[in-house]
Amino acid sequence: MDIKNILAEEITAAVKSVFDHKLDPKHALISPTKKEFEGAYTFVVFPLVKVLRNSPENIANQLGEYLVENSEHITAFNVIKGFLNLSLDNKLWNAILKSILENKDFGQHPSNDKTIVVEYSSPNTNKPLHLGHLRNIFLGWSISKIAKAAGYKVVKTKVVNDRGIAICKSMLSWQKFAEGVTPESSKTKGDHFVGDYYVKFEQAFREEYTNWQNNEGEAVFKSNAKDGEDAAAFYKRYKNTYFNEHSQLGGEARKMLLDWESGEPNTIALWKKMNGWVYDGFNKTYGALGVDFNDIVYESDTYLLGKEYVLQGLKDNVFYQKPDNSIWVDLEEEGMDQKIVLRSDGTSVYITQDIGTAKVRHDKFSFDNMVYVVADEQDYHFQVLKQVLKKLGEPYADNLFHLSYGMVELTTGKMKSREGTVVDADDLIEEVKQMARTSADERGGLSELSEEERQSIFEKIGLGALKYYILKINPRKWMTFNPEDSVDMQGATAPYIQNAFVRIQSIFRKGGEVSTDWNREVALSNQEKELIVLLSSFPEEISEAMQKYDPSVIATYTFNLAKAYHKFYHDHRILGAEDPSVKQMRLALSKTVANIIEKSSDLLGIGMPNYM
RNA sequence: GGCCCCGUAGCUCAGCUGGAUAGAGCAACUGACUUCUAAUCAGUAGGUCGCACGUUCGAAUCGUGCCGGGGUCACCA
């Protein structure tokens, strides 16, 4: 039972009957009436003005009169300009409330027999997760939940970048400096432990580079600097070349990478050991965040993938080869550049792997859609990937979606790992929980609960606040992370939403009992109707969030629902309602609101406490 | 320079598949707790929707051009 559908049908019938015109469903624009006007839903008649060659007021008035006369649901109407505002019968409001209360799966769309693969998180194994990863993880998790609610079968996956020069740096650094210390012996979380050695490598390398600059580097500077380029600028630009051509440490790290690629047993053993430490650490973080995956792809398994497809593409003239044997694709007709797809030595580049991974995934899951949750600095890469797959004739190429999200910046500027201005994920998680605890202590509640229960509540509140703070913003936008705002507990925040839920739980603890059996003629207040309108729109909100790949749609919706409830709660007595039927209706309404708040928040990965 | 994204209240953001007088939250100020949880509610104040043209009954929303900010254009990932 969906109000908008009911109204759309009745309005279509009215248009047919009054004007003998078949209303285009696209023109059946029905939206909740703005608060300052009388009525629950509004039909916009402007699109009919031209075809009916009549004034908006006339059309609206005639339709209104017809509807009040002929519809059992519509009790009154008013017309303002081309807006036909309709009031609905109490019986309908009560019936809708009952149907939502009774439908345990309300919001869940029927299966569409489609599979969607969501790739998110995708960390490197040389350092711990930070704030930027959190935005990625929250978005990926939420989109997975939303897709499921929208009727998809969902596969959550991540690509672990577990190989390459970066992890070799950590390995080499550990070998040189650790003297056998392990995460266990130093009581350090594994990913942080390995990250520390990565930082140590960078420090040692910087020292080495500075030394070199003061000795044989000077000659290189003099012979290679561009006109007018000063030493600082030159050495900044030259850093990579130095690493590859002069550096002792760089040489050792590259040697390690070659050993790894050739499967040298000691190197492989060290690599496995250190990555194992990192995974232990990551798993703790994922656990704390309440997220998981169905499928994990390791780059070490896939980094050679895609080559065969590229060679096939070369045969099919999708690609072309340069004299040095490197293989390229020409996308200039599509407004893009020439891109390399296979190196001259025959090894894969980034995009080669992505081509391979896409194909393998399609073979494995026969997905209909795939979403890559990846930061917007890779917009161009995904445009290219999509176009290349299209050229290769992959049928799913058009169904790839890059959920491109903006960077998270700090109030002090960009996060830079090299400058140590990165907000660590684990630290942040601890801080937000602590803030929730401090806040609860300040208001003196929850003292009667066990420490275990309190801990669980603070996790929900603290993490909820953080998740909501990040997810409420449109993914596309860059955001500035303000630590104070992120743990704000008032206004458009998770705690505000949780508080609405908790208030409802409290009512039921104080003796409220839900029954589906109440007098269906009970009159509802405007606020009660508004709540029902909001509840009814939950399935649509899910569709919209899915269609836009945007969890902020759900975040805004959930806040609006909580807000409407808080207001209702303030202005109405529930347990102390004047009439038993009214009381039952309000209990049913409260229960339904709690259900939908819980489901809707769950789509954001935010849990509801029973007390706060 | 080419391509892409962003620009709405002091701050953070909704609204953008054209629809009513552009909305929230925060911050500021005022008020509401012997009452179902005040992590709440109500009120006041706050706007050249970056600028200019155009499209039409109607533009924050669509188009074109500019201005400002960012990203990207590696045999890195």
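Chain letters run A, B, ... following the sequence lines, proteins first, then strands; residues in each count from 1. Since we're looking at a predicted model, the values are computed, not measured.
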Open item on the list: Can you list everything that forms a side-chain hydrogen bond (donor to acceptor under 3.5 Å, both in side chains) with A/Y350? Sequence neighbours excluded, please.
Closed with: A/Q378
Task: Watson-Crick or G-U wobble partner of B/A32, both distances under 3.5 Å - done: B/U40
Task: Between A/H402 and A/D376: side-chain donor-acceptor atoms closer than 3.5 Å - done: no
Task: Residue A/Y569, side-chain heavy atoms: nucleotide from B/A38, B/A14, B/A20 that is nearest - done: B/A38
Task: Cation over ring face, A/K169 and A/F243, 6.0 Å, 45° - done: yes
- [ ] Would you please confirm or rule out a distance under 4.0 Å between OP1 or OP2 of B/C41 and any side-chain N or O of A/Y496?
- [x] yes
- [ ] Can you tell me, in whole Å, how much space there is between the C1' of B/G31 and that of B/A38?
- [x] 13 Å
Open item on the list: Students often get this wrong, so: under 4.0 angstrom with heavy atoms, is A/D550 touching a base, only sugar-phosphate, or nothing?
Closed with: nothing
Open item on the list: For A/T33 and A/T42, which I'm curious about, is there any donor-acceptor pair between the side chains at under 3.5 Å?
Closed with: yes
Open item on the list: Exactly one of A/F43, A/F37, A/F46 should register a ring pair (Phe, Tyr, Trp, His ring centres under 6.0 Å) with A/F83. Which one does?
Closed with: A/F46
Task: Sugar-phosphate, base or nothing in reach of A/F559, heavy atoms under 4.0 Å - done: sugar-phosphate
Open item on the list: As an exercise, state the distance from OG of A/S590 to OH of A/Y569, rounded to the nearest 0.5 Å.
Closed with: 9.5 Å
Open item on the list: By the 4.0 Å heavy-atom rule, please label A/D345 as base, sugar-phosphate, or nothing.
Closed with: nothing
Open item on the list: Only pairs with both distances under 3.5 Å count, Watson-Crick or wobble alike; so what is the partner of B/C26 in this structure?
Closed with: B/G10
TODO: Remember a base hit wins even if backbone is also touched, and classify A/D488 as base, sugar-phosphate or nothing at under 4.0 Å, heavy atoms.
DONE: sugar-phosphate
Task: B/A39 phosphate, OP1 or OP2, under 4.0 Å from A/R443 side-chain N/O - done: yes
TODO: Name the nucleic acid region contacted by A/M479, choosing base, sugar-phosphate or nothing; use a 4.0 angstrom heavy-atom cut-off, strictly under.
DONE: sugar-phosphate
TODO: Before accepting this row, confirm whether a basic side-chain N of the pair A/R437/A/D441 lies closer than 4.0 Å to the acidic partner's carboxylate O.
DONE: no
Task: Any A/K322 side-chain heavy atom under 4.5 Å of A/I340 side chain - done: no
Open item on the list: Measuring from the side chain of A/R343 (C-beta onward, heavy atoms only), which nucleotide among B/C41, B/C76, B/C6 has the closest atom?
Closed with: B/C76
Open item on the list: In terms of relative ring orientation, are A/F559 and A/Y496 parallel, tilted or perpendicular, with 30° and 60° separating the classes?
Closed with: tilted
Open item on the list: Counting only Watson-Crick pairs (N1-N3 plus N6-O4 or O6-N4) and G-U wobbles (N1-O2, O6-N3), all under 3.5 Å, who is the partner of B/A45?
Closed with: none
Open item on the list: Heavy atoms from C-beta onward define the side chain here; which of B/A20, B/C36, B/A14 lies closest to that of A/I473?
Closed with: B/A14
Tabulated below should be each protein N or O lying under 3.5 Å from an N or O of nucleotides 70-74 of chain B; please produce it.
residue: B/G71; atom: OP1; partner: A/K414; partner atom: NZ; Å: 2.8
residue: B/C73; atom: O2'; partner: A/D337; partner atom: OD2; Å: 2.6

- [ ] May I ask you to test the A/I461-A/Q498 pair for a side-chain heavy-atom distance under 4.5 Å?
- [x] yes
Task: Partner nucleotide, any strand, of B/G19 [Watson-Crick/G-U, under 3.5 Å] - done: B/C57
Open item on the list: Mind checking if A/N126 touches a base, just sugar-phosphate, or nothing, with heavy atoms under 4.0 Å?
Closed with: nothing
Open item on the list: If I take atom CE in residue A/M489 and atom P in nucleotide B/A27, what distance separates them, rounded to the nearest angstrom?
Closed with: 14 Å
TODO: Check whether the side chains of A/S552 and A/N474 place a donor and an acceptor atom closer than 3.5 Å, and report yes or no.
DONE: no
Open item on the list: To the nearest 0.5 Å, what is the distance between CG on A/N161 and OH on A/Y303?
Closed with: 14.0 Å
TODO: Looking at every strand, decide which applies to A/I461 at a 4.0 Å heavy-atom threshold: base, sugar-phosphate, or nothing.
DONE: base
TODO: Send over the distance from A/K386 NZ to B/C4 C1', rounded to a whole Å.
DONE: 14 Å
Open item on the list: Which is more 5' along RNA chain B, the nucleotide nearest A/Y350 or the one nearest A/F458? Just name the residue.
Closed with: A/F458
- [ ] Please state how far atom CG in A/N474 lies from atom P in B/G15, giving the value in whole angstrom units.
- [x] 6 Å
Task: Out of B/U35, B/U40, B/C5, whichever nucleotide has its closest atom nearest the side chain of A/R573 - done: B/U35
Task: B/C3: pairing nucleotide in any strand, Watson-Crick or G-U under 3.5 angstrom - done: B/G71
Task: d(NZ, A/K50; P, B/G18) in whole Å - done: 14 Å
TODO: State, to 0.1 Å, how close A/A545 and A/I554 come at their nearest heavy-atom pair, and which atoms those are.
DONE: CB-CG1, 3.7 Å
Task: Those residues of residues 31-46 of chain A lying under 4.0 Å from RNA chain B by at least one heavy atom - done: A/K34, A/F37, A/T42, A/F46
Open item on the list: From CD1 of A/I167 over to C1' of B/C76, roughly how many Å is that when rounded to an integer?
Closed with: 17 Å
- [ ] Give the rounded distance in Å between these two atoms: CG of A/L534 and P of B/A14.
- [x] 19 Å
Task: Closest listed nucleotide, where the reference is the side chain of A/R476 and the choices are B/C41, B/A39, B/C5 - done: B/C5
Task: Nucleotide nearest A/H570 when distance is taken to its side chain, options B/C26, B/C41, B/A38 - done: B/C41
- [ ] In whole angstrom, give the distance that lies between atom NZ of A/K567 and atom C1' of B/G25.
- [x] 16 Å
Open item on the list: So, does A/K477 get its side chain near the phosphate of B/A14, meaning an N or O under 4.0 Å from OP1 or OP2?
Closed with: yes
Open item on the list: Let's test this: given Watson-Crick or G-U wobble pairing with both distances under 3.5 Å, identify the partner of B/A52.
Closed with: B/U64
Task: Separation of B/A39 P from A/H566 NE2 (nearest whole Å) - done: 10 Å
Task: Candidate nucleotides B/C41, B/C4, B/A77, ranked by approach to the side chain of A/K563 - the nearest - done: B/C41
- [ ] Ignoring the backbone of A/K510, work out which of B/C36, B/G25, B/A77 is nearest its side chain.
- [x] B/C36
Open item on the list: If you assign each of A/K81 and A/V502 to its closest nucleotide in RNA chain B, which residue comes earlier from the 5' end?
Closed with: A/K81
